[in-house]
Amino acid sequence: MSDVVEKAAEILAGHRNSIDRLDAILVFTLAERFKHTQAVGVLKAEHELPPSDPSREARQIERLERLAAEADLDPDFAKKFLNFIISEVIRHHEHISENGHTPKNRT
């Protein structure tokens, strides 16, 4: 293997190690986020509040789009990602409201 290819392989390995660490951060961050949204779902169910809050969701999407632009991340991707998370949270809140407990597969 030439020195150039070896150096490229080292650089690639470094990027992949960083990506793996960032993936772990994402997973643990999402887990923490969902712990809090589950608690919100229980609170909403206890007080007979609706599982969805469209005005908050809209504010969150606007906020995330601004953050994405600041971070040089495609705002459309960020919006799709947050919409997916919001739909999961609403699904959990509906489950809690209907069944009195969090779903077994807590996302």
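Heavy-atom basis, side chains included; hydrogens, waters and symmetry copies ignored.
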Sub-4.5 Å side-chain heavy-atom contact between Leu73 and Leu67: no
Working to the nearest 0.5 Å, report the span between [atom1] of [X] and [atom2] of [Y].
{"X": "Leu82", "Y": "Glu62", "atom1": "CG", "atom2": "CD", "answer": "11.5 Å"}
{"X": "Asp53", "Y": "Gln60", "atom1": "CG", "atom2": "CD", "answer": "10.0 Å"}
{"X": "Arg59", "Y": "Leu64", "atom1": "CZ", "atom2": "CG", "answer": "14.5 Å"}

Residues in side chain to side chain contact (heavy atoms under 4.5 Å, CB included) with [X], at least two apart?
{"X": "Glu32", "value": "Lys35, His36"}
{"X": "Val40", "value": "Lys44, His93"}
{"X": "Ile85", "value": "Leu30, Arg33, Phe34, Phe81, Val89"}
{"X": "Ser52", "value": "Pro54, Glu57, Ile90"}

Of all pairs that satisfy side chain to side chain donor-acceptor pair (under 3.5 Å), the ones with a partner from residues 5-18, not counting sequence neighbours: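 Checked against side chain to side chain donor-acceptor pair (under 3.5 Å) - neighbours excluded - the pairs reaching residues 5-18 are Ser18-Arg21.
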Listed once per pair and sorted, the side chain to side chain donor-acceptor pair (under 3.5 Å) pairs that draw on residues 63-81, sequence neighbours left out: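 Residue pairs passing side chain to side chain donor-acceptor pair (under 3.5 Å), neighbours aside: none found.
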Shared-cluster residues of Leu49, by chain and number - hydrophobic side chains joined below 4.5 Å: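 Leu49 clusters with nothing; isolated.
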Apart from Leu26 itself, residues in the same hydrophobic cluster as defined by side-chain heavy atoms under 4.5 Å: none
Partner residues of Asn99 under the side-chain hydrogen bond (donor to acceptor under 3.5 Å, both in side chains) criterion, sequence neighbours left out: His95
Minimum heavy-atom distance Ala68-Pro75, with the two atoms named: CB-CA, 4.0 Å
